[in-house]
Amino acid sequence: MASIQLNNVIKRYGNGKHALQVIHGVNATIADREFIVIVGPSGCGKSTLLRMVAGLEEISGGEISIGNRVVNQLEPAERDIAMVFQNYALYPHMSVFDNMAYGLKIKKVPIDEIKIRVDKAAKILELGHLLERKPRQLSGGQRQRVAMGRAIVRQPQVFLFDEPLSNLDAKLRVQTRLEIQKLHRELGITALFVTHDQVEAMTLAQRMIVMNAGRMEQFGTPEEVYNRPATTFVASFIGSPPMNLLRNAPGGRAGAIMGIRPEHLDIGHTGWELRVETVELLGAERLVYCRLGDDQIIVRTDEHHPAPATDSIIHVAPREDRLHWFDAASGKRI
Ligand code: ADP
(Lines give C-alpha, C1' and ligand atoms only; values in the text may rest on other atoms or scores of the structure.)
Protein backbone atom coordinates (compact mmCIF):
# COMPACT_ATOMS: atom_id res chain seq x y z
CA MET A 1 0.00 0.00 0.00
CA ALA A 2 1.04 3.62 -0.33
CA SER A 3 0.42 7.23 0.56
CA ILE A 4 -0.85 9.75 -2.01
CA GLN A 5 0.26 13.36 -2.27
CA LEU A 6 -1.59 16.03 -4.26
CA ASN A 7 0.41 19.24 -4.67
CA ASN A 8 -1.44 22.22 -6.10
CA VAL A 9 -3.15 20.00 -8.68
CA ILE A 10 -4.78 21.90 -11.52
CA LYS A 11 -6.90 20.77 -14.46
CA ARG A 12 -7.79 22.75 -17.55
CA TYR A 13 -9.78 21.43 -20.46
CA GLY A 14 -9.01 22.94 -23.87
CA ASN A 15 -6.37 25.51 -24.83
CA GLY A 16 -5.85 29.26 -25.14
CA LYS A 17 -8.88 31.43 -24.70
CA HIS A 18 -11.17 28.40 -24.87
CA ALA A 19 -9.47 26.83 -21.86
CA LEU A 20 -11.78 25.93 -19.01
CA GLN A 21 -10.20 25.43 -15.62
CA VAL A 22 -12.15 22.90 -13.59
CA ILE A 23 -9.69 22.05 -10.75
CA HIS A 24 -8.14 25.06 -9.01
CA GLY A 25 -5.11 23.84 -7.10
CA VAL A 26 -5.97 20.97 -4.76
CA ASN A 27 -3.55 20.07 -1.95
CA ALA A 28 -3.95 16.90 0.10
CA THR A 29 -1.78 14.34 1.85
CA ILE A 30 -3.36 10.93 2.14
CA ALA A 31 -1.71 8.48 4.50
CA ASP A 32 -0.90 4.89 3.73
CA ARG A 33 -4.01 2.70 4.34
CA GLU A 34 -6.35 5.63 4.67
CA PHE A 35 -9.88 5.49 3.23
CA ILE A 36 -10.64 8.90 1.73
CA VAL A 37 -13.97 9.90 0.22
CA ILE A 38 -14.17 12.76 -2.28
CA VAL A 39 -17.68 14.18 -2.09
CA GLY A 40 -19.47 17.09 -3.74
CA PRO A 41 -22.33 17.93 -6.08
CA SER A 42 -22.41 16.89 -9.72
CA GLY A 43 -19.87 18.79 -11.83
CA CYS A 44 -17.62 19.88 -8.92
CA GLY A 45 -14.63 17.97 -10.33
CA LYS A 46 -14.50 14.79 -8.23
CA SER A 47 -14.21 12.37 -11.16
CA THR A 48 -11.66 14.58 -12.87
CA LEU A 49 -9.51 14.56 -9.72
CA LEU A 50 -9.78 10.77 -9.40
CA ARG A 51 -9.04 10.24 -13.09
CA MET A 52 -5.92 12.40 -12.77
CA VAL A 53 -4.70 10.16 -9.94
CA ALA A 54 -5.48 7.15 -12.14
CA GLY A 55 -3.66 8.64 -15.11
CA LEU A 56 -6.77 8.69 -17.30
CA GLU A 57 -6.63 12.49 -17.49
CA GLU A 58 -3.52 14.60 -17.99
CA ILE A 59 -2.56 16.94 -15.15
CA SER A 60 -2.44 20.61 -16.26
CA GLY A 61 -0.43 21.81 -13.25
CA GLY A 62 0.97 20.65 -9.94
CA GLU A 63 2.14 17.22 -8.94
CA ILE A 64 0.64 13.88 -7.92
CA SER A 65 2.74 11.30 -6.07
CA ILE A 66 1.83 7.75 -5.15
CA GLY A 67 4.12 6.16 -2.58
CA ASN A 68 6.76 8.92 -2.92
CA ARG A 69 6.93 8.49 -6.69
CA VAL A 70 5.77 11.40 -8.86
CA VAL A 71 3.35 9.84 -11.33
CA ASN A 72 2.48 12.86 -13.53
CA GLN A 73 4.11 11.33 -16.59
CA LEU A 74 3.28 7.67 -15.92
CA GLU A 75 0.70 5.66 -17.86
CA PRO A 76 -2.21 4.24 -15.82
CA ALA A 77 -0.71 0.75 -16.07
CA GLU A 78 2.55 1.98 -14.53
CA ARG A 79 0.89 3.61 -11.51
CA ASP A 80 0.05 0.41 -9.63
CA ILE A 81 -3.58 1.39 -9.02
CA ALA A 82 -6.87 -0.46 -9.51
CA MET A 83 -10.11 1.28 -10.35
CA VAL A 84 -13.70 0.21 -9.64
CA PHE A 85 -16.35 1.98 -11.70
CA GLN A 86 -20.09 2.46 -11.54
CA ASN A 87 -20.32 0.23 -14.62
CA TYR A 88 -18.73 -3.04 -13.64
CA ALA A 89 -17.69 -3.77 -17.25
CA LEU A 90 -17.32 -7.51 -16.72
CA TYR A 91 -16.63 -9.80 -19.69
CA PRO A 92 -20.04 -11.40 -20.33
CA HIS A 93 -18.72 -14.64 -21.86
CA MET A 94 -16.26 -15.32 -19.02
CA SER A 95 -16.98 -16.99 -15.69
CA VAL A 96 -16.61 -15.07 -12.44
CA PHE A 97 -13.28 -16.82 -11.87
CA ASP A 98 -11.98 -15.86 -15.32
CA ASN A 99 -13.17 -12.29 -14.97
CA MET A 100 -11.18 -11.97 -11.77
CA ALA A 101 -8.18 -13.85 -13.15
CA TYR A 102 -7.99 -12.15 -16.54
CA GLY A 103 -5.73 -9.23 -15.63
CA LEU A 104 -3.31 -11.55 -13.85
CA LYS A 105 -3.18 -13.94 -16.82
CA ILE A 106 -2.29 -11.00 -19.08
CA LYS A 107 0.51 -10.12 -16.66
CA LYS A 108 1.69 -13.75 -16.87
CA VAL A 109 1.27 -14.43 -13.17
CA PRO A 110 1.70 -18.22 -12.64
CA ILE A 111 -1.65 -20.08 -12.59
CA ASP A 112 -1.12 -21.45 -9.05
CA GLU A 113 -0.61 -17.91 -7.76
CA ILE A 114 -3.68 -16.71 -9.67
CA LYS A 115 -5.79 -19.42 -8.09
CA ILE A 116 -4.58 -18.50 -4.59
CA ARG A 117 -5.33 -14.79 -5.11
CA VAL A 118 -8.77 -15.33 -6.70
CA ASP A 119 -9.80 -17.81 -4.00
CA LYS A 120 -8.73 -15.39 -1.27
CA ALA A 121 -10.61 -12.47 -2.83
CA ALA A 122 -13.66 -14.68 -3.45
CA LYS A 123 -13.65 -15.69 0.20
CA ILE A 124 -13.50 -12.09 1.44
CA LEU A 125 -16.29 -11.07 -0.97
CA GLU A 126 -18.35 -14.24 -0.37
CA LEU A 127 -18.21 -15.15 -4.05
CA GLY A 128 -16.73 -18.63 -3.53
CA HIS A 129 -19.90 -20.47 -4.60
CA LEU A 130 -20.35 -18.30 -7.70
CA LEU A 131 -16.96 -18.70 -9.39
CA GLU A 132 -18.32 -20.82 -12.26
CA ARG A 133 -21.23 -18.51 -13.07
CA LYS A 134 -21.40 -15.99 -15.91
CA PRO A 135 -22.11 -12.30 -15.10
CA ARG A 136 -25.69 -12.54 -16.46
CA GLN A 137 -26.43 -15.19 -13.80
CA LEU A 138 -25.55 -12.71 -11.02
CA SER A 139 -27.44 -9.93 -9.26
CA GLY A 140 -26.24 -6.32 -9.57
CA GLY A 141 -24.66 -6.47 -6.13
CA GLN A 142 -22.82 -9.69 -6.93
CA ARG A 143 -21.50 -8.20 -10.17
CA GLN A 144 -20.19 -5.19 -8.30
CA ARG A 145 -18.43 -7.58 -5.89
CA VAL A 146 -16.79 -9.36 -8.84
CA ALA A 147 -15.59 -5.97 -10.09
CA MET A 148 -14.09 -5.33 -6.65
CA GLY A 149 -12.57 -8.82 -6.65
CA ARG A 150 -10.91 -8.08 -9.96
CA ALA A 151 -9.30 -5.02 -8.35
CA ILE A 152 -8.28 -6.89 -5.17
CA VAL A 153 -6.45 -9.75 -6.93
CA ARG A 154 -4.14 -7.26 -8.59
CA GLN A 155 -2.87 -6.23 -5.14
CA PRO A 156 -2.43 -2.61 -6.18
CA GLN A 157 -0.91 0.15 -4.06
CA VAL A 158 -4.09 2.23 -4.29
CA PHE A 159 -7.78 1.55 -4.92
CA LEU A 160 -9.80 4.16 -6.78
CA PHE A 161 -13.61 3.93 -6.63
CA ASP A 162 -15.70 6.07 -8.99
CA GLU A 163 -19.31 6.08 -7.69
CA PRO A 164 -19.30 2.27 -7.53
CA LEU A 165 -22.64 2.03 -5.71
CA SER A 166 -24.78 4.34 -7.85
CA ASN A 167 -26.24 1.53 -9.96
CA LEU A 168 -27.44 -0.45 -6.95
CA ASP A 169 -30.82 -0.06 -5.30
CA ALA A 170 -31.03 1.56 -1.86
CA LYS A 171 -30.90 -1.66 0.17
CA LEU A 172 -27.99 -3.10 -1.79
CA ARG A 173 -26.11 0.17 -1.50
CA VAL A 174 -26.23 -0.04 2.28
CA GLN A 175 -25.14 -3.68 2.21
CA THR A 176 -22.30 -3.07 -0.25
CA ARG A 177 -21.17 -0.08 1.83
CA LEU A 178 -20.76 -2.43 4.80
CA GLU A 179 -18.81 -4.85 2.60
CA ILE A 180 -16.45 -2.11 1.46
CA GLN A 181 -15.84 -1.13 5.10
CA LYS A 182 -15.06 -4.76 5.90
CA LEU A 183 -12.77 -4.95 2.90
CA HIS A 184 -10.90 -1.90 4.10
CA ARG A 185 -10.48 -3.37 7.58
CA GLU A 186 -9.28 -6.73 6.30
CA LEU A 187 -6.98 -5.55 3.52
CA GLY A 188 -5.85 -2.23 5.01
CA ILE A 189 -6.06 -0.63 1.59
CA THR A 190 -5.35 2.99 0.62
CA ALA A 191 -8.50 4.12 -1.12
CA LEU A 192 -9.95 7.16 -2.86
CA PHE A 193 -13.71 6.85 -3.19
CA VAL A 194 -15.79 9.33 -5.20
CA THR A 195 -19.47 9.91 -4.49
CA HIS A 196 -22.08 12.70 -4.70
CA ASP A 197 -23.94 11.10 -1.79
CA GLN A 198 -23.11 12.73 1.53
CA VAL A 199 -24.53 9.81 3.56
CA GLU A 200 -22.22 7.43 1.71
CA ALA A 201 -19.34 9.81 2.39
CA MET A 202 -20.14 10.15 6.10
CA THR A 203 -20.45 6.40 6.64
CA LEU A 204 -17.44 5.24 4.59
CA ALA A 205 -14.79 7.90 5.04
CA GLN A 206 -11.99 7.98 7.56
CA ARG A 207 -11.45 11.47 6.19
CA MET A 208 -13.39 13.22 3.48
CA ILE A 209 -12.58 15.87 0.89
CA VAL A 210 -15.58 18.12 0.28
CA MET A 211 -15.36 19.71 -3.18
CA ASN A 212 -17.24 22.65 -4.62
CA ALA A 213 -16.71 24.10 -8.11
CA GLY A 214 -13.21 22.63 -8.51
CA ARG A 215 -11.99 23.66 -5.05
CA MET A 216 -11.45 21.72 -1.87
CA GLU A 217 -13.74 23.31 0.74
CA GLN A 218 -12.72 21.05 3.61
CA PHE A 219 -10.60 17.98 4.32
CA GLY A 220 -11.35 16.28 7.60
CA THR A 221 -12.97 13.39 9.46
CA PRO A 222 -16.75 13.04 9.13
CA GLU A 223 -17.10 14.32 12.71
CA GLU A 224 -14.99 17.43 12.00
CA VAL A 225 -16.84 18.18 8.79
CA TYR A 226 -20.24 17.74 10.46
CA ASN A 227 -19.44 19.49 13.74
CA ARG A 228 -17.18 22.25 12.44
CA PRO A 229 -17.99 22.90 8.78
CA ALA A 230 -15.37 25.21 7.27
CA THR A 231 -17.82 27.08 5.02
CA THR A 232 -21.53 27.66 4.49
CA PHE A 233 -21.26 25.36 1.47
CA VAL A 234 -20.07 22.45 3.62
CA ALA A 235 -22.66 23.30 6.29
CA SER A 236 -25.48 23.01 3.81
CA PHE A 237 -24.08 20.09 1.78
CA ILE A 238 -23.31 17.70 4.65
CA GLY A 239 -26.29 16.67 6.75
CA SER A 240 -29.87 15.98 5.78
CA PRO A 241 -31.79 18.17 6.27
CA PRO A 242 -29.00 20.73 5.97
CA MET A 243 -27.86 23.19 8.62
CA ASN A 244 -30.11 26.24 8.93
CA LEU A 245 -28.22 29.33 7.75
CA LEU A 246 -29.76 32.57 8.97
CA ARG A 247 -28.78 36.02 7.78
CA ASN A 248 -31.14 37.90 10.04
CA ALA A 249 -31.50 35.80 13.16
CA PRO A 250 -32.63 37.58 16.32
CA GLY A 251 -29.51 38.06 18.42
CA GLY A 252 -27.34 37.62 15.34
CA ARG A 253 -24.10 39.48 14.61
CA ALA A 254 -23.78 42.11 11.90
CA GLY A 255 -21.92 40.81 8.87
CA ALA A 256 -22.25 37.18 9.96
CA ILE A 257 -24.42 34.22 9.05
CA MET A 258 -25.66 32.13 11.95
CA GLY A 259 -25.76 28.37 11.46
CA ILE A 260 -27.72 25.93 13.57
CA ARG A 261 -28.50 22.27 12.81
CA PRO A 262 -32.16 21.21 12.90
CA GLU A 263 -31.49 18.85 15.83
CA HIS A 264 -30.07 21.69 17.94
CA LEU A 265 -33.33 23.66 18.05
CA ASP A 266 -35.75 22.95 20.88
CA ILE A 267 -39.47 23.63 20.70
CA GLY A 268 -40.70 25.03 24.04
CA HIS A 269 -41.95 28.18 25.69
CA THR A 270 -39.00 30.47 24.99
CA GLY A 271 -36.92 31.55 22.03
CA TRP A 272 -37.76 32.66 18.52
CA GLU A 273 -41.38 32.96 17.47
CA LEU A 274 -41.78 30.97 14.27
CA ARG A 275 -44.72 30.23 12.02
CA VAL A 276 -45.11 26.57 11.04
CA GLU A 277 -45.33 25.98 7.29
CA THR A 278 -45.39 22.19 7.04
CA VAL A 279 -44.53 19.15 9.10
CA GLU A 280 -42.93 16.02 7.64
CA LEU A 281 -43.28 12.75 9.48
CA LEU A 282 -40.31 10.45 8.93
CA GLY A 283 -40.98 7.54 11.24
CA ALA A 284 -38.98 8.10 14.41
CA GLU A 285 -38.40 11.78 13.70
CA ARG A 286 -40.34 14.75 12.55
CA LEU A 287 -39.20 17.78 10.54
CA VAL A 288 -41.00 21.04 11.25
CA TYR A 289 -40.54 23.63 8.49
CA CYS A 290 -40.93 27.16 9.86
CA ARG A 291 -40.43 30.70 8.71
CA LEU A 292 -38.65 33.58 10.37
CA GLY A 293 -38.86 36.63 8.12
CA ASP A 294 -37.08 35.68 4.89
CA ASP A 295 -35.32 32.67 6.41
CA GLN A 296 -36.65 29.15 6.40
CA ILE A 297 -35.85 27.18 9.53
CA ILE A 298 -36.09 23.41 9.84
CA VAL A 299 -36.52 21.94 13.31
CA ARG A 300 -35.98 18.24 13.96
CA THR A 301 -38.00 16.70 16.77
CA ASP A 302 -38.70 13.13 17.78
CA GLU A 303 -41.97 11.22 17.76
CA HIS A 304 -42.61 11.98 21.45
CA HIS A 305 -43.33 15.62 20.70
CA PRO A 306 -46.83 16.42 19.48
CA ALA A 307 -46.73 17.71 15.89
CA PRO A 308 -47.49 21.46 15.75
CA ALA A 309 -50.30 22.47 13.45
CA THR A 310 -49.65 24.18 10.12
CA ASP A 311 -49.80 28.00 10.43
CA SER A 312 -49.50 27.88 14.21
CA ILE A 313 -46.88 29.94 16.02
CA ILE A 314 -44.27 28.02 18.03
CA HIS A 315 -41.34 29.02 20.22
CA VAL A 316 -37.99 27.60 19.25
CA ALA A 317 -34.77 28.02 21.24
CA PRO A 318 -31.37 27.41 19.65
CA ARG A 319 -28.78 25.68 21.84
CA GLU A 320 -26.22 28.42 22.36
CA ASP A 321 -23.24 26.05 22.40
CA ARG A 322 -24.27 24.63 19.03
CA LEU A 323 -24.30 27.88 17.07
CA HIS A 324 -21.95 28.29 14.10
CA TRP A 325 -20.87 31.62 12.63
CA PHE A 326 -19.79 32.30 9.06
CA ASP A 327 -18.54 35.46 7.36
CA ALA A 328 -21.39 36.75 5.19
CA ALA A 329 -19.09 37.80 2.34
CA SER A 330 -16.71 34.83 2.09
CA GLY A 331 -18.91 32.11 3.61
CA LYS A 332 -15.92 31.03 5.73
CA ARG A 333 -16.26 29.88 9.31
CA ILE A 334 -15.45 32.61 11.85
P1 ADP B 1 -18.09 15.41 -11.06
O2 ADP B 1 -17.38 14.11 -11.13
O3 ADP B 1 -17.91 16.10 -9.74
O4 ADP B 1 -19.54 15.32 -11.43
P5 ADP B 1 -16.43 16.11 -13.30
O6 ADP B 1 -15.08 15.89 -12.76
O7 ADP B 1 -17.00 15.04 -14.17
O8 ADP B 1 -17.44 16.43 -12.10
O9 ADP B 1 -16.48 17.47 -14.11
C10 ADP B 1 -15.97 18.69 -13.59
C11 ADP B 1 -16.17 19.79 -14.61
O12 ADP B 1 -15.36 19.56 -15.75
C13 ADP B 1 -17.59 19.91 -15.11
O14 ADP B 1 -17.89 21.27 -15.24
C15 ADP B 1 -17.53 19.23 -16.46
O16 ADP B 1 -18.49 19.78 -17.33
C17 ADP B 1 -16.14 19.54 -16.92
N18 ADP B 1 -15.59 18.49 -17.82
C19 ADP B 1 -15.45 17.18 -17.54
N20 ADP B 1 -14.88 16.52 -18.56
C21 ADP B 1 -14.65 17.44 -19.53
C22 ADP B 1 -14.07 17.41 -20.83
N23 ADP B 1 -13.61 16.26 -21.35
N24 ADP B 1 -14.00 18.57 -21.53
C25 ADP B 1 -14.46 19.73 -20.99
N26 ADP B 1 -14.98 19.83 -19.78
C27 ADP B 1 -15.10 18.71 -19.04
Side-chain angles (χ1 to χ4, degrees), residues 4-28 30 34-64 66 71-76 79 81-89 144 147-148 151 158-168 173 176-177 180 190-220 222 225 229-240 242 331:
I4 305 170
Q5 181 89 37
L6 308 179
N7 278 333
N8 200 22
V9 172
I10 287 169
K11 178 66 184 176
R12 273 184 296 271
Y13 285 111
N15 294 311
K17 69 172 169 28
H18 297 294
L20 174 71
Q21 185 161 335
V22 298
I23 302 285
H24 304 274
V26 168
N27 291 291
I30 291 149
E34 225 181 348
F35 199 107
I36 301 293
V37 176
I38 304 173
V39 66
S42 178
C44 71
K46 339 178 261 300
S47 302
T48 300
L49 197 57
L50 193 77
R51 291 168 61 80
M52 284 196 286
V53 176
L56 300 170
E57 290 287 351
E58 232 177 89
I59 301 160
S60 314
E63 207 173 75
I64 297 180
I66 299 176
V71 297
N72 285 34
Q73 305 300 333
L74 297 184
E75 294 294 321
R79 295 190 184 197
I81 47 119
M83 206 154 167
V84 181
F85 297 95
Q86 174 176 356
N87 299 317
Y88 341 105
Q144 190 52 279
M148 285 193 264
V158 171
F159 281 79
L160 303 175
F161 296 92
D162 195 357
E163 303 245 8
L165 309 184
S166 333
N167 276 350
L168 308 178
R173 270 213 301 276
T176 312
R177 216 155 70 196
I180 291 177
T190 307
L192 275 182
F193 185 107
V194 160
T195 180
H196 63 274
D197 180 342
Q198 55 98 15
V199 175
E200 214 164 276
M202 290 291 286
T203 50
L204 274 175
Q206 286 182 309
R207 286 194 297 161
M208 57 208 266
I209 294 174
V210 185
M211 302 262 309
N212 177 28
R215 290 193 164 79
M216 192 167 85
E217 296 259 336
Q218 192 164 4
F219 186 17
V225 168
T231 63
T232 48
F233 173 83
V234 177
S236 53
F237 188 74
I238 302 293
S240 174

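What you see is a predicted model; the values in this text were computed from it and never measured. Both counts, for ligands and for their atoms, begin at 1 and track the order of listing.
- Under the 3.5 Å distance criterion, the side-chain polar atoms of Lys46 are matched with a main-chain donor or acceptor of Gly40.
- Against a heavy-atom cut-off of under 4.0 Å, Gly43 is close to the following atoms of ligand 1: 1 (P), 3 (O), 4 (O), 8 (O), 10 (C), 11 (C), 13 (C), 14 (O).
- Judged by distance alone, with hydrogens and angles left aside, the side-chain atoms of Glu217 form no donor-acceptor pair with the main-chain N or O of Asn212 at under 3.5 Å.
- The closest protein non-hydrogen atom to atom 23 (N) of ligand 1 is Tyr13 CE2, 3.5 Å.
- For ligand 1, the atoms closer than 4.0 angstrom to any heavy atom of Gly45 are 1 (P), 3 (O), 5 (P), 6 (O), 8 (O), 10 (C).
- Distance check: Arg177 CZ to Leu168 CG gives 11.5 Å after rounding to the nearest 0.5 Å.
- In this structure, Phe159 CZ and Phe35 CZ are separated by 10.0 Å, a value rounded to the nearest 0.5 Å.
- Nearest-residue assignment for atom 7 (O) of ligand 1 (options Gly14, Ser47, Ala19; heavy-atom criterion): Ser47.
- Protein heavy atoms are found inside the 4.0 Å sphere centred on atom 1 (P) of ligand 1.
- Rounded to the nearest 0.5 Å, atoms CD (Gln5) and CG (Asn27) are 8.5 Å apart.
- Atoms of ligand 1 lying under 4.0 Å from at least one heavy atom of Thr48, given by number and element, are 5 (P), 6 (O), 9 (O), 10 (C).
- A heavy-atom distance below 4.5 Å is not found between the side chains of Val37 and Glu200.
- Among Val22, Asp162, Leu49, Val39, the residue whose heavy atom lies closest to atom 12 (O) of ligand 1 is Val22.
- Each of the atoms 3 (O) of ligand 1 lies under 4.0 Å from some heavy atom of Pro41.
- Between the side chain of Glu63 and the backbone N or O of Asn72, no donor-acceptor pair lies under 3.5 Å.
- Using a 4.0 Å cutoff on heavy atoms, Gly40 does not count as a contact of ligand 1.
- For atom 10 (C) of ligand 1, the nearest protein heavy atom is under 4.0 Å away.
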